[in-house]
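Working notes, beginning with the structure itself.
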There are 2 protein chains.
Amino acid sequence: MPAPKDLRTRKDPGAAADTAAMDHALGRDEFLCFALYSTSHAFGRVYKPLLDPLGLTYPQYLVLVLLWDHDDQTVGNLGDKLFLESSTLTPLLKRMEAAGHVTRRRDPADERQVRVRLTPAGRALRSKAARIPRGIAEASGLSLDDARRLQAEITALRTSLDRHLAG
Amino acid sequence: MPAPKDLRTRKDPGAAADTAAMDHALGRDEFLCFALYSTSHAFGRVYKPLLDPLGLTYPQYLVLVLLWDHDDQTVGNLGDKLFLESSTLTPLLKRMEAAGHVTRRRDPADERQVRVRLTPAGRALRSKAARIPRGIAEASGLSLDDARRLQAEITALRTSLDRHLAG
DNA sequence: GGCATTTATATCGCGTGCGATATAATCGCA
DNA sequence: TGCGATTATATCGCACGCGATATAAATGCC
């Protein structure tokens, strides 16, 4: 009789603590990348119940955050701030336009550019989104200082990666 | 004559340093989430030229890393370790099967499960992938200690998010 | 033993993300 | 001024990633 191949079944409560499954198989920086990758998805799952009632996805929410701060931006401007390409933003903005959150209009002064503006409905979403920051903060369980420090380190890492890509 | 709305054009070299574009518009933990989101994509762009010659995507590479360490795993096992759903893994594994990297076979002892195994070609990719860890480490520009510490903090954050989602 | 429940995987639809490419407008410079 | 280079956006094809749902196998409980 063969010995059991794996004592843990899939939904064993200890499975989630199997945190280091990837550890010994990846280089240190690769494991860091995997941590970013999987945590980014976990954040998406936390955001979803907060954004669903507003009819928004996460990147759509980011676009609105930028427009709430500074209305009337070009596609390229939004892309630079969000690190997204026009091939991602154009369809996304069209969906937001179809949903009635923004308008898209060629800039008469430079017909290459498309200016994105909030509709009244898009502006009105701001108050409905006011509860989101608190929801995210609760889920993260980090102190303000820890969150600030982690954010700064990860942002610096992104800058390093971007420089490597450009150079 | 109207004043220019924005002194920076899109490709101004200072644009990348416009790091804090999202800062004052997002809560602290939300900005941390955005840092994770954008840095995760940046890592993907660093991985791409390393993985393209192997004909692999990033999640496909992660599957291979797991199988190189421990061959013959179920779909659920891989999903638990990668934090991915079967709705993501099943098509991905089918593509890897079509590419000749793995085989998928129902476990005779439990026909619900599908066991994923390396083919000789999949095993052979391991040596071709040997240069990847160094390439990632160079791009990150972090010391071993910094990478380790950052990874640990982000992994802890993911655990906190997962607990929040479960509870 | 039989039947409801649980578990493992698969399928579907949708929204990203991106590289490659296309198109149109503007710029630069001889 | 004119025309090649650059810039801004759009389009296309592909691969995720997930929630909802379906299906089939195993489990549990009487």
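Here is how names work: the chains are called A, B, and so on, in the same order as the sequence lines, proteins then strands, and each is numbered from 1. Below, all heavy atoms of this structure are taken into account, side chains as well, without hydrogens, waters or symmetry copies.
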[atom1] of [X] versus [atom2] of [N]: gap in Å, rounded?
X: B:Leu84; N: C:dT16; atom1: CG; atom2: P; value: 19 Å
X: B:Arg95; N: D:dG17; atom1: CZ; atom2: C1'; value: 10 Å
X: A:Leu82; N: C:dC18; atom1: CG; atom2: P; value: 11 Å
X: B:Gln73; N: C:dT9; atom1: CD; atom2: C1'; value: 16 Å
X: A:Glu111; N: C:dC27; atom1: CD; atom2: P; value: 12 Å
X: A:Arg45; N: D:dG19; atom1: CZ; atom2: P; value: 7 Å
X: A:Arg115; N: D:dA8; atom1: CZ; atom2: P; value: 12 Å
X: A:Lys94; N: C:dG15; atom1: NZ; atom2: C1'; value: 15 Å

- Among the candidates D:dA15, C:dG15, D:dG19, find the nucleotide nearest to the side-chain atoms of B:Gln60.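 Closest nucleotide among those given: D:dA15.
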- Query: With a cut-off of 6.0 Å (strictly less than), are more than 12 heavy atoms of other residues, nucleotides or ligands near CZ of B:Arg149?
  - Reply: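 Count over threshold, so yes.
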On the side chain of [X], is there an atom forming a donor-acceptor pair with the base of [N] - under 3.5 Å, no angle test?
X: B:Thr57; N: D:dA15; answer: no
X: B:Ser87; N: D:dG19; answer: yes
X: B:Arg112; N: C:dT9; answer: no

- Message: Tell me if the centroids of the rings in B:Phe43 and A:Tyr37 come within less than 6.0 Å of each other.
- Response: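 Aromatic pair excluded; centres sit 6.0 Å or further apart.
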- Item | Non-hydrogen atoms of A:Glu30 and B:Tyr58 that approach each other most closely |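 Heavy atoms only, the tightest pair is O-OH, 4.3 Å.
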Would you say [N] has OP1 or OP2 under 4.0 Å from some side-chain N or O of [X]?
X: B:Thr90; N: C:dA10; answer: yes
X: A:Tyr58; N: C:dG15; answer: no
X: B:Arg104; N: C:dA10; answer: yes
X: B:Thr88; N: D:dC18; answer: yes

- Where each residue is assigned the nucleotide of DNA chain C containing its nearest heavy atom, which of A:Pro59 and A:Asp110 is assigned the position nearer the 5′ end?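 Of the two residues, A:Pro59 wins.
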- Message: Taking the nucleotide of DNA chain D with the nearest heavy atom to each, does A:Tyr37 or A:Val114 sit closer to the 5' end?
- Response: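 With A:Tyr37 and A:Val114 compared, the 5'-side residue is A:Val114.
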- Given DNA chain D, 5'-ward residue of the pair A:Pro91 and A:His41, judged by closest heavy atom: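 Nearest nucleotide further toward 5': that of A:Pro91.
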- Query: Do A:Arg112 and A:Asp107 sit within salt-bridge range, that is, some charged N less than 4.0 Å from a carboxylate O?
  - Reply: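 No, this pair does not count.
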- Query: Any ion pair linking B:Arg104 and B:Glu97 (charged N to carboxylate O, less than 4.0 Å)?
  - Reply: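 Yes, B:Glu97 and B:Arg104 are salt-bridged.
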- Report which part of the nucleic acid B:Leu92 touches: base, sugar-phosphate, or nothing (heavy-atom distance under 4.0 Å, all strands).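 Sugar-phosphate only.
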